[in-house]
Protein chains: 2
Amino acid sequence: MDKRIKKSKRAIEEALISLMAENDFIDITINSIAERADVNRGTIYLHYEDKFDLLEQCIEGKIQKLLNFCLPEGSGSYPSKSSLLRTFNYLEEHSFTFHILLTNKGVPTFRKKILNVMKAGMKEQLELNGINQNINKEILIQFLPSATISVIEWWIIESMPYSPEDITEQLWILLEQNHFVPK
Amino acid sequence: MDKRIKKSKRAIEEALISLMAENDFIDITINSIAERADVNRGTIYLHYEDKFDLLEQCIEGKIQKLLNFCLPEGSGSYPSKSSLLRTFNYLEEHSFTFHILLTNKGVPTFRKKILNVMKAGMKEQLELNGINQNINKEILIQFLPSATISVIEWWIIESMPYSPEDITEQLWILLEQNHFVPK
DNA sequence: TTTAATCTGTTCATTAATAAACAAAAGTGG
DNA sequence: CCACTTTTGTTTATTAATGAACAGATTAAA
């Protein structure tokens, strides 16, 4: 992709996040985004329908980067302790952004999207695993992703009261106890 | 000026400074500058003749910003304790850049340029002042700027061993003793 | 309610940045 | 020394960003 597009989109999305640290999304204007991003207002409309589309693309990008950075390992088998640790390290490094996306009013989208991604991934994983004969997968797939997300959400919002290593260890134990990964 | 030009030139000059923190100027290539600045190589030639012209413009810009930021006060009367303090605060804030420009091999230009600027300013000041009847101004104008620059240079290179307030106080006393400012 | 100010979304001509290609110069290693 | 790679400086056509202007929608103040 053209360098200019990358730079403009990054500047615009960074400006949005930055403004969301100060105001609720609904109160943020395209004008203020353009000003903070130091781009012409028209440039924003070149890449986004409106500010809602901007938020949408921004969130989508954050989720994609999270997945691309945290999932790929060896290749294939998704959940491992080390990939979980990598994820928490990434979350910690970008906690400023994730904190905003999780707490800014009028943006319930973010949590939902992550939840959906996690549901899909966990479902796939459960079907691959031969285990859990005596557990209702239907229910487990409602239970586990939601619980996991909540742990992550709590950890971020509470400013990461445990180290990535510790939180990984704890969550891993929970996943084991719930037959998501083989003991 | 067009936003794009500002951004490109800033990125390019920041890249140069950044690379000069790692290598001698003579070893830095246009390619590496373009890469670090994240601009097309051709963009550099759009604004600079070659890397020497780039260094020239970069240095000139730093000096201009230093002057514009540090001199203007009230208006007119140049040297005052507060303007001196403001200058040292600015130097401290940008010590990373000034340290590089003062120490990187093959860039004696920077010190010389500042010296010339200071000579001109001090000369003007001396001629405005009615004092110093019994002091040879010709000699004083060789003596003072050079001495002042050396203090500044030492202060930056030694990683600012005194606070801006302290160094201002000390230098001010020296200037007083040398009849540059009225006691 | 009317006025004024701000924000939105779109259009347009102009300008800057881009990728790609090129020949020539300068280094590099065998 | 000669092949080989890198760097330089320049050129091209293409594309993105810019500033400016505009009408209509919102919002705030008088």
Side-chain angles (χ1 to χ4, degrees), chain A residues 1-62 64-65 100 104-107 109, chain B residues 1-62 64-65 100 104-107 109:
Chain A
M1 197 196 291
D2 196 300
K3 277 180 193 296
R4 290 170 290 185
I5 298 180
K6 275 192 218 159
K7 289 181 201 171
S8 293
K9 294 191 77 167
R10 176 185 309 172
I12 291 164
E13 298 186 9
E14 274 181 3
L16 173 63
I17 296 286
S18 159
L19 288 167
M20 284 175 70
E22 302 162 15
N23 318 293
D24 285 341
F25 173 73
I26 199 64
D27 297 324
I28 296 172
T29 68
I30 292 277
N31 278 326
S32 66
I33 297 170
E35 188 184 4
R36 173 125 355 155
D38 194 27
V39 296
N40 189 278
R41 193 163 52 86
T43 305
I44 296 179
Y45 291 104
L46 239 44
H47 302 293
Y48 310 95
E49 295 271 337
D50 48 33
K51 75 170 183 171
F52 301 98
D53 181 44
L54 165 56
L55 176 65
E56 179 72 18
Q57 288 193 42
C58 183
I59 285 178
E60 199 55 45
K62 301 295 178 196
Q64 279 313 312
K65 281 187 69 177
I100 290 168
N104 193 288
K105 282 175 189 167
V107 193
T109 332
Chain B
M1 195 195 293
D2 196 300
K3 276 181 193 295
R4 290 169 290 183
I5 298 180
K6 275 191 216 159
K7 290 181 201 168
S8 293
K9 295 192 77 167
R10 176 184 309 171
I12 290 163
E13 297 187 9
E14 275 181 3
L16 173 64
I17 296 286
S18 159
L19 287 166
M20 284 175 70
E22 301 163 14
N23 317 292
D24 285 340
F25 173 73
I26 199 65
D27 298 323
I28 296 172
T29 68
I30 293 276
N31 278 327
S32 67
I33 297 169
E35 189 183 3
R36 170 118 7 148
D38 195 26
V39 296
N40 189 278
R41 193 163 52 86
T43 305
I44 296 180
Y45 291 105
L46 239 44
H47 302 293
Y48 311 95
E49 296 271 339
D50 47 34
K51 76 170 181 171
F52 300 97
D53 181 44
L54 164 56
L55 176 65
E56 179 71 18
Q57 287 194 42
C58 183
I59 285 178
E60 199 56 44
K62 300 297 178 194
Q64 280 312 312
K65 281 187 69 176
I100 290 168
N104 193 288
K105 283 176 189 165
V107 194
T109 332

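Residue numbers begin at 1 in each chain, while the letters A, B, ... track the order of the sequences.
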Write down the protein N/O and nucleotide N/O pairs, taken from nucleotides 4-6 of chain C, whose separation is under 3.5 Å; answer none if there are no such pairs.
none

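Note that the CG atom of A/Asn104 and the CE atom of A/Met20 stand 3.5 Å from one another [nearest 0.5 Å]. Separating the CD1 atom in A/Ile30 from the CG atom in A/Leu54 is a distance of 6.5 Å, to the nearest 0.5 Å.
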(request) Heavy atoms under 4.0 Å is the rule here; annotate nucleotides 11-27 of chain D 5' to 3' with B where the base is hit, S where only the sugar-phosphate is, and - elsewhere. (result) ----BBBBB-B------
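In this structure, B/Asp50 places its CG atom 10 Å from C1' of D/dG9, rounding to the nearest Å. One atom, NZ of A/Lys51, and another, P of C/dT8, lie 7 Å apart when rounded to the nearest Å. The nearest whole Å value for the distance from the CG atom in B/Asp27 to the C1' atom in C/dT28 is 15 Å. Between B/Glu35 atom CD and C/dA19 atom C1' there is a gap of 16 Å when expressed in whole angstrom units.
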Which donor-acceptor pairs under 3.5 Å do the side chains of residues 32-40 of chain A make with protein atoms, sequence neighbours left out?
| from | atom 1 | to | atom 2 | distance (Å) |
| --- | --- | --- | --- | --- |
| A/Ser32 | OG | A/Thr29 | N | 3.4 |
| A/Ser32 | OG | A/Thr29 | O | 2.8 |
| A/Ser32 | OG | A/Thr29 | OG1 | 3.2 |
| A/Arg36 | NH1 | A/Ser18 | OG | 2.5 |
| A/Arg36 | NH1 | A/Glu22 | OE2 | 3.0 |
| A/Arg36 | NH2 | A/Glu22 | OE1 | 3.3 |
| A/Asp38 | OD1 | B/Lys3 | NZ | 2.9 |
| A/Asn40 | OD1 | A/Gly42 | N | 2.8 |

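Pairs engaging residues 45-54 of chain B under the side-chain hydrogen bond (donor to acceptor under 3.5 Å, both in side chains) rule: B/Glu13-B/Tyr48, B/Asp53-B/Gln57 [sequence neighbours left out].
Residue A/Ile44 comes nearest to A/Ile12 through the heavy atom pair CG1-CD1, 3.8 Å, listed as atom of the first residue, atom of the second, then distance.
Looking at residues two or more places apart in sequence or on another chain, you find a salt bridge (Lys or Arg N to Asp or Glu O under 4.0 Å) between B/Asp2 and B/Arg4.
Dashed line: the shortest gap from a side-chain N or O of A/Tyr45 to OP1 or OP2 of C/dT10 is not under 4.0 Å.
Rounded to 10 degrees, the angle between the two end axes of the helix from C/dT1-D/dA30 to C/dG30-D/dC1 is 50°, with five pairs used at each end.
Remark: the backbone N or O of B/Ile28 is not paired with any side-chain donor or acceptor of B/Asn23 at under 3.5 angstrom.
Between B/Ile59 and B/Leu55 the shortest side-chain heavy-atom distance falls below 4.5 Å.
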